[in-house]
Each structure stands twice: as structure tokens, then as C-alpha cells.
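First comes the structure, then the notes that go with it.
Protein chains get the first letters and strands the later ones, always in sequence-line order, with residue 1 at the start of each.
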Number of protein chains: 2
Amino acid sequence: MLTNRQLQILQVIVDDFVMSAQPVGSRQIAKKEGITFSAATIRNEMADLEELGFLEKTHTSSGRVPSEQGYRFYVDHLLKPQVISGNDVNQIHSLFEKQMFEAEKVIRESANILSELTTYTTILLGPDVKKHRVKKVQIVPLTEQTAVAIIVTDNGHVENRVLPLPSGFSPSEIEKMVNILNDRLVGVPLHDFQMKLETEALSILKQHVNAAESIIQSLVSISANQSEGNVYYGGKSNMLNQPEFHDLNKVRMLMDLIDKKSQVHTLFNQQQSGIQIRIGSENNHLAMENCSVITASFLLDEEQQGAIAIIGPTRMDYKRVVTLLEVMRNGLSQAFMKGTNDKL
Amino acid sequence: MLTNRQLQILQVIVDDFVMSAQPVGSRQIAKKEGITFSAATIRNEMADLEELGFLEKTHTSSGRVPSEQGYRFYVDHLLKPQVISGNDVNQIHSLFEKQMFEAEKVIRESANILSELTTYTTILLGPDVKKHRVKKVQIVPLTEQTAVAIIVTDNGHVENRVLPLPSGFSPSEIEKMVNILNDRLVGVPLHDFQMKLETEALSILKQHVNAAESIIQSLVSISANQSEGNVYYGGKSNMLNQPEFHDLNKVRMLMDLIDKKSQVHTLFNQQQSGIQIRIGSENNHLAMENCSVITASFLLDEEQQGAIAIIGPTRMDYKRVVTLLEVMRNGLSQAFMKGTNDKL
DNA sequence: GTTAGCACTCGCATAAGAAGAGTGCTAATA
DNA sequence: TATTAGCACTCTTCTTATGCGAGTGCTAAC
């Protein structure tokens with residue numbers, strides 16, 4: 001168990017290092033407000049904290065730097081929510097005051113605001129389209145050979161795709177087909193769409209419509225397709241500002257990582273709700289060795305949630321980010337729950 | 001007017017520097033195949049070329065480096081289309097062999113392939129949605145208070161937006177409204193949509209439907225909205241590989257520039273068709289001081305064109321990029337023209 | 001238990017020297 | 001006259017040396 005003095009020193013070191021990115025020395029700590037003991041005492045305590053694994057040295061005679069374990073302890077026990085300047089809170093709130101009917105816009109804006117306020121990179125995961133239910137299926141003919149298939153979901157999301165028409169496929173057949181599809185498939189969640197399509201609709205379609213298979217295939221591909229679309233970024237190049245990213249190789253790895261939407265999902269820990277912090281190697285990714293990720297999930301409606309991730313160096317301003325994230329998370333949850341089903 | 005020998009030397013210097021990123025010395029040139037004169041002669045010629053503005057030195061006793069004017073002369077007079085390895089051409093062609101019905105996918109893939117083959121960053125400008133014509137307008141009610149408005153264009157592009165319904169707006173009124181809209185607006189290009197909506201449809205709508213204005217507003221905002229959506233990127237982080245981008249500040253400026261879709265349009269010179277090369281300061285942009293941009297436009301249908309831009313350092317492998325771009329441009333033009341109006 | 005004092009370590013910045021690449025000029029050569 | 005060999009000179013880069021300063025760890029005194 002750490003003594004109060006040790007806690008105090010650890011706190012000062014983390015706070016100072018987060019701001020300055022420089023190892024913190026004993027004299028520097030002694031000068032801090034609230035510190036009543038001398039540099040020599042601090043040196044002793046620091047030696048103990050290092051032995052316990054909370055601090056590290058960059059070289060024999062440098063000041064101390066928090067270790068991963070140090071950050072972990074800090075966020076678990078020393079993190080007191082910061083009082084955020086009214087300006088920043090206002091900036092977030094102003095986002096929700098505008099009456100916005102499109103979730104996508106709100107989310108995109110949120111990512112931008114967060115990255116601006118934190119100076120880190122933000123990734124926002126929108127609602128999982130697969131959970132939306134089919135509201136309406138439409139097929140709009142374009143030419144003799146092609147048409148657009150459109151699936152509207154109950155949240156107002158629209159998926160679409162151009163598909164080839166079998167030759168000689170008539171408008172009346174399209175109409176028949178659309179009617180059957182709407183009869184059978186309205187209300188089905190998208191992740192069951194393919195299955196229901198093949199079990200319930202296919203046989204009936206075959207009875208009434210010629211050459212329906214190719215169109216069915218296209219419909220399936222729509223519903224299979226959109227898992228990747230709901231990722232939004234803010235401040236991608238912000239990380240270039242951080243001194244720890246002077247190594248271009250690391251930057252490249254990171255950029256490649258966050259650009260791959262499939263990889264992005266591994267950053268989130270959707271199971272748990274609330275705010276979560278993963279520090280350095282806890283991310284289980286080489287490119288994230290010196291990064292921390294703070295994630296927060298927010299409710300979109302009864303069954304769905306979105307998620308925010310903020311990616312910065314392990315030397316991240318945790319208290320500021322956590323507080324901002326809390327504000328944003330509440331705002332988003334409220335905004336979406338208020339108008340449940342009015343919005344995407 | 002430059003002598004043959006000077007031309008030959010300039011060519012060798014550009015080719016060599018493009019590969020090595022190192023200033024080229026006289027001895028190095030003398031060793032090259034096809035060079036029959038001595039290093040001393042080359043030194044004399046280089047001094048002349050420098051005086052003429054085609055070469056530069058990084059310091060008094062370094063080898064020579066092409067100046068912007070040198071690159072300009074090179075691309076204008078010395079650029080002979082390179083024979084590209086069959087593999088690379090195949091990779092491009094294989095893209096068009098797959099039957100793809102969605103322009104967006106083709107374009108996205110093109111950007112990726114180009115950035116891979118060139119190792120530079122690719123930006124692809126898709127068709128200008130504003131020129132598409134309305135094929136069908138639909139309004140799908142979601143709840144009592146909201147609905148999705150959908151505009152399908154003749155190329156299969158779908159724009160959509162959630163809109164609030166005036167209270168007490170009935171399904172039959174929606175139907176009436178949709179019918180009127182389709183009667184009046186089918187065939188109208190999107191950039192005229194707002195105007196036509198207000199001149200032709202509004203008055204009739206007012207006669208038949210109550211409180212149509214708010215819906216009209218939402219429709220207008222759909223058609224006003226999508227100018228930004230048609231930009232695709234490939235290999236964004238490729239530039240981090242170039243030695244000239246060791247300066248993080250430059251990288252940041254560049255990334256910020258190409259991420260802003262509004263700025264991207266200034267990179268293109270849509271007026272002229274064919275392949276264009278802008279070198280360094282010719283781009284009129286501080287962040288692009290050491291970059292060259294090669295753009296090519298391709299035909300999408302009778303009236304529209306898309307554009308490709310490849311962004312790399314001024315020390316770019318012009319001949320390879322130009323050749324690849326030519327292949328890609330032809331492929332794209334062919335792919336789209338073949339199926340004119342079958343595709344987005 | 002706390003603190004002052006001091007020797008010691010290490011990183012960093014600056015300087016100095018050596019090596020190497022390349023130039024420009026001069027004088028010799030074809 | 002055009003070309004080339006030779007050589008002194010310049011400038012970068014790499015290495016090594018040196019001094020400075022920040023910070024530690026230990027000891028002894030308070």
C-alpha cells in the first residue's frame with residue numbers, strides 16, 4: 001500500500017510529465033505547490049516508487065517518468081474529474097442544441113469537436129447497421145439492364161446498390177417482386193436479412209418471378225456489405241504534434257492501423273459500457289505500444305450503442321480526456337435517446 | 001537551346017536523382033551507360049546547365065540536383081513513356097475485367113491500386129453528382145414525426161436524408177406529394193433541382209398538400225449537400241516513406257490539406273483534359289512546395305469526367321507515374337463509357 | 001524520519017579533426 | 001578548339017573529445 005506522500009508524488013509526476021513530456025526531477029517536484037518536504041525526501045520516495053514499478057528512468061541520472069503500471073494506478077486511483085472550462089463544455093453542448101436529424105452529421109461533428117478539444121485523434125463508431133430492421137425495400141429501374149435496389153431501415157438508414165437485371169425482366173415483375181419482399185421482410189433485422197430472404201422469400205419469389213436469383217444475390221450483398229461504413233474520424237493528423245511520434249515508422253504503423261476499418265473494431269471493447277482506459281501494451285498491438293486508448297460507449301436506442309475512442313500517447317492528459325468524454329457521452333446518449341427512432 | 005550532350009546529362013541526372021534521392025556527381029554520370037565523355041566534360045556542362053537554371057547544388061561541393069525548371073524541362077521534352085512491367089499493367093487491367101456495377105467500388109479500387117503501384121498518394125475525383133438527373137424521388141415514413149426522403153439519380157446514385165414531418169401529415173398526403181414531385185422533377189439535373197423545385201413544384205404542392213414547405217426544405221438540403229462526397233484516397237500514408245518528408249511539419253500540412261475536401265478541388269485543373277503535371281511551386285500552395293501533382297481526367301459519360309491526382313515529392317518518378325496513369329485513365333474511361341448510364 | 005551536502009552518472013551540446021565526395025580551374029592533349 | 005587529366009579547395013558527415021548541467025544516490029548531520 002502506498003503512503004499518502006507517495007500518492008502525492010506519483011500524482012505530481014504524472015500531471016507534470018503529461019504536460020511537459022520531460023522526465024520529472026526531485027527539485028522540480030519540491031517546488032510544486034502543496035509539497036512540504038524536501039527534494040532529498042522525494043528522491044527517496046521516488047526510488048521506492050520505482051522499485052514498486054510505478055516509475056521509470058530514461059537513464060541513470062534522469063528524472064522519473066511514469067511506467068505503464070504508474071499510469072494504470074493513476075487512472076484507477078488518482079484520477080479526479082477535472083473542472084473543464086465552460087467554453088469547452090459549451091462547445092460540446094452547442095452541438096446538441098442544433099436540431100439535427102441525421103445521426104451521421106452529429107457523429108461526424110462530435111469526432112471533430114473531440115479531437116479539437118483534446119488535440120488527440122478521435123474515432124467514433126456509429127450504430128451497428130446490422131441491428132436495424134428493414135422498413136422498406138425498393139427497386140428502381142435505371143435502364144433495360146440495370147436497377148438500383150434500396151433498403152431503408154427503421155432508423156432511417158439507407159443502403160443501396162446498383163444491380164444487373166436479367167434480360168427481359170419487366171417492370172411489372174419488379175413490382176411483384178418488391179411487393180413480395182416487403183410483405184415478407186419488413187421488420188427483419190439486417191443481420192437476419194440474408195437468412196430470411198433465402199428461407200421465406202426465395203421460394204415464393206421463384207413461383208412468381210423468373211430469374212429472381214441474381215437479384216436476390218445483389219440484395220444479399222447489400223445487407224452483407226455495410227458493416228464497415230460506420231466509422232468516423234477526427235483529427236487524424238493530431239498525433240503528429242505529439243513529441244513521442246517523431247519516429248515516422250511508428251506514425252506510419254499507427255495511421256495504417258486506424259485507417260483499416262476492420263482493425264479499428266479491435267480497439268473497442270464493446271462488451272462493457274462506461275469509460276474504459278487501455279494503456280500502452282494493454283492494447284495488444286505493436287503499433288499502439290506507446291499509445292493509450294480511452295473508449296466510451298453511448299446509447300443510441302434501447303438495444304444499440306455507439307462508441308468513441310480517443311487515441312493519444314500514453315502520456316495523455318487522462319483527466320481532461322475522461323471529463324470531456326463523459327460530457328460528450330452524456331450528450332450523445334441524451335440526444336439519441338430523446339428522439340429514439342426519430343433518428344438513425 | 002540545349003545541346004544533345006546537355007540533354008543527355010540532364011536526363012541522366014533527373015533519372016538518377018529520382019531513384020536515389022542523392023545529388024548526382026560528375027563521376028557517377030560518367031560511369032553511366034551511353035556516356036562517352038569524361039567527368040571533367042560533364043562538370044563543365046553541369047556548370048552551364050546550372051547557369052541556365054536547370055540544375056541546383058545543395059552546397060558548394062555537392063553533386064547536382066534538378067531545379068523545378070529542370071523537372072519542367074524534363075517532363076516537357078525528355079519524358080519518354082516507360083515500358084511498364086506486364087505485371088503492373090495486368091494488375092490494372094484485372095480491375096476492369098471483373099464486372100463491377102458500382103462506380104464507387106471501381107474508383108475506390110483504382111485509387112488503391114495506383115497508390116500501390118506508384119508508392120505515392122492518390123486522390124480520385126468521382127463524377128459530379130450535381131450533373132446527375134433525378135430518376136425517382138421517394139419518401140418513406142419512419143414514425144409519426146419522421147420520414148426518409150430518397151433521391152435516385154439516373155446513374156444509380158442514391159441520396160437520402162431523414163426529415164421531420166409536420167404534425168398530422170398523413171401517408172396519403174405523402175403519396176400525393178411524391179407523385180407530384182416525380183411528375184415534375186424526373187429528368188432534372190441535381191444542380192437545377194432546388195430551382196425547379198421552387199419554380200415548378202412548390203406552387204402545385206401548396207395547392208394539394210398542407211405544410212409542404214418544411215419537407216421541401218429538406219429536399220433542397222439533400223441536393224445541396226453531396227458535393228463533397230466524391231473524393232477517394234489511396235495510400236495516404238505513402239508519403240511518409242519519402243525521405244523528403246522527414247519534416248513532420250510538412251507532413252502535417254500536407255495531410256491537413258488533402259483531408260480537406262474543399263481544398264482538394266484546387267489541386268485539380270478540371271478545364272483541360274489529358275495528363276497534366278504541376279511541379280513544386282506551380283501548385284501555388286505552401287504545403288506543396290516540394291510536391292508535384294500529376295492529374296489525369298477520364299470520361300464518365302457524354303458530359304462528365306472524373307479526375308485522378310497523384311501526389312508525390314518533386315523528385316517523383318514522372319515517367320512511371322505518367323505511364324501508369326495513362327493506362328488507368330484509358331481503363332477507367334473505357335469501363336465507364338462502355339456501360340454509359342448503366343453505372344453511377 | 002527528514003534533510004543538506006557532495007560525488008558520481010549520464011545525456012546533450014559544442015568543438016575539433018579526419019575522411020570522402022565533388023567541384024572548379026588550369027594546363028596538357030588530340 | 002574541344003576534351004580531358006590533375007590537383008587544390010570546399011563542404012558535409014562521421015567520429016572523438018570536452019565541458020556543462022540536471023539529476024541521482026548515498027552518507028552524515030539534524
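Contact annotation: the side chain of B:Asp317 never approaches that of B:Asp15 to less than 4.5 Å [non-hydrogen atoms, C-beta and beyond].
Atom CD1 in A:Ile9 sits roughly 10 Å away from atom P in C:dT2 (whole-Å rounding). Distance, B:Phe37 CZ to D:dT4 C1': 13 Å, rounded to whole Å. Between the CD1 atom of A:Ile35 and the C1' atom of C:dT3 there is a distance of 16 Å, given to the nearest Å. Regarding B:Arg64, its CZ atom lies at a distance of 13 Å from the C1' atom of C:dA21, rounded to whole Å.
B:Tyr318 has its ring centre less than 6.0 Å from the ring centre of B:Tyr71.
Between D:dT3 and B:Arg5, a contact under 4.0 Å exists linking OP1 or OP2 to a side-chain N or O. A sub-4.0 Å separation between OP1 or OP2 of C:dA21 and a side-chain N or O of B:Ser62 is absent. Side-chain N/O atoms of B:Lys57 include one lying less than 4.0 angstrom from OP1 or OP2 on C:dG24.
Listed by residue number, the members of residues 40-56 of chain B with any heavy atom below 4.0 angstrom from DNA chain C are B:Arg43, B:Met46.
Between the side chain of B:Glu282 and the backbone N or O of B:Ile279 there is at least one donor-acceptor pair closer than 3.5 Å. A donor-acceptor contact shorter than 3.5 Å links the side chain of B:Ser67 to the backbone of B:Gly53.
Between D:dG25, C:dG22, D:dG23, one nucleotide has an atom nearer to the side chain of B:Gln28 than all others, and that is C:dG22.
Atom OG of residue A:Ser237 and atom CZ of residue B:Arg252 lie 4.0 Å apart, to the nearest 0.5 angstrom.
The residue from A:Thr119, A:Leu117, A:Thr118 that alone fulfils the side-chain contact (heavy atoms from CB on, under 4.5 Å) condition with A:Arg320 is A:Leu117.
When each of B:Ala39 and A:Pro23 is assigned the nucleotide of DNA chain D bearing its nearest heavy atom, the one mapping closer to the 5' terminus is B:Ala39. For the pair A:Arg27 and B:Ser38, nearest-nucleotide mapping onto DNA chain D gives the more 5' position to B:Ser38.
Scanning for salt bridge (Lys or Arg N to Asp or Glu O under 4.0 Å) contacts around A:Glu45 gives A:Arg5, with sequence neighbours left out.
Side-chain N/O atoms of B:Ser61 and base N/O atoms of D:dT10 include a donor-acceptor pair closer than 3.5 Å.
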